[in-house]
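Working notes for the structure below.
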Amino acid sequence: MLKIIQAFLIAVLTQILAVFVFSILALVFNVDVYYAISSIKLSFLVQNVLIIIVYLIITILINQYFKSAYKLNYK
């Protein structure tokens, strides 16, 4: 049961981090997809693809952390 709760919390954490990181990157780099493309459907698609890329990077980093964390000695 504990593993199910941990997996759920990691998934929620990944979702939240992906949205926050994309928001911060969009603010810092002034990413206005609609202004650059001027098509609502295409800009929506590009923005979602960028969020998915950020999500994948965060998921890979979290998985790498937990793979290395399992190798640590817990004494």
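Hydrophobic clustering (side-chain heavy atoms under 4.5 Å, transitive across Ile, Leu, Val, Met, Phe, Trp, Tyr) groups L45 together with I51.
Looking at heavy atoms from C-beta onward, V54 lies in side-chain contact with I58 at the 4.5 angstrom threshold.
Contacts of I53 classified as side chain to side chain contact (heavy atoms under 4.5 Å, CB included), with partners at least two apart in sequence or in another chain: V49, I57.
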For a quick test of your reading: what N or O donor-acceptor pairs under 3.5 Å do the side chains of residues 10-26 make, sequence neighbours left out?
| unit_1 | atom_1 | unit_2 | atom_2 | d |
| --- | --- | --- | --- | --- |
| T14 | OG1 | I10 | O | 2.7 |
| S23 | OG | V19 | O | 2.8 |

